[in-house]
K.L.:
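I'd like to ask you about the structure that follows.
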Amino acid sequence: MTDDSTITYEAFKQFERNKFSLVAQEYDRALAFAERLVEKLTGGIAVVTSQVDEAILDAVGAKSGIRLLDVACGTGWA
């Protein structure tokens with residue numbers, strides 16, 4: 001480690017991107033494992049999530065003609 005505590009913007013951006021990618025990969029692996037487990041135990045993730053579909057749509061006041069945006073779904077890892 002050096003005494004120079006300055007860091008360039010590009011170095012910081014690359015550091016943040018690298019660390020985020022590691023976290024996203026682990027999250028993605030954990031999610032994939034959980035989905036396989038649910039599939040094995042219940043026959044599919046839809047079996048679990050479909051149990052709350054109606055409640056979620058009711059909570060946001062969804063009805064015919066309303067436009068909704070589904071945000072922050074999935075791991076964000078492509």
Side-chain angles (χ1 to χ4, degrees):
M1 183 152 217
T2 66
D3 292 330
D4 184 12
S5 62
T6 60
I7 184 169
T8 66
Y9 170 75
E10 286 302 318
F12 177 76
K13 188 168 85 171
Q14 189 61 47
F15 172 81
E16 287 290 308
R17 179 175 289 144
N18 291 343
K19 295 303 179 190
F20 176 80
S21 292
L22 289 174
V23 170
Q25 289 174 35
E26 291 305 315
Y27 179 76
D28 193 49
R29 284 188 196 110
L31 182 61
F33 172 77
E35 287 174 343
R36 286 191 306 274
L37 182 60
V38 168
E39 178 76 35
K40 191 177 245 185
L41 296 175
T42 67
I45 191 74
V47 173
V48 175
T49 58
S50 65
Q51 296 175 25
V52 297
D53 290 347
E54 228 176 285
I56 291 171
L57 293 172
D58 288 344
V60 299
K63 60 184 177 185
S64 181
I66 296 288
R67 294 176 61 185
L68 300 172
L69 176 62
D70 199 353
V71 177
C73 297
T75 63
W77 183 257

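We number each residue from 1, following the sequence as shown.
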K.L.:
CD/Gln14 to OH/Tyr9 distance, rounded to the nearest 0.5 angstrom?
P.N.:
11.5 Å

K.L.:
Between Leu68 and Ala62, what is the shortest heavy-atom contact and its length?
P.N.:
CD1-CB, 3.7 Å

K.L.:
What is the distance from atom CG of Leu37 to atom CD of Glu35, rounded to the nearest 0.5 Å?
P.N.:
11.0 Å

K.L.:
Taking Glu10 first and then Lys13, would you say they form a salt bridge - that is, a charged N and a carboxylate O separated by under 4.0 Å?
P.N.:
yes

K.L.:
As an exercise, state the distance from NZ of Lys63 to CG of Asp58, rounded to the nearest 0.5 Å.
P.N.:
12.0 Å

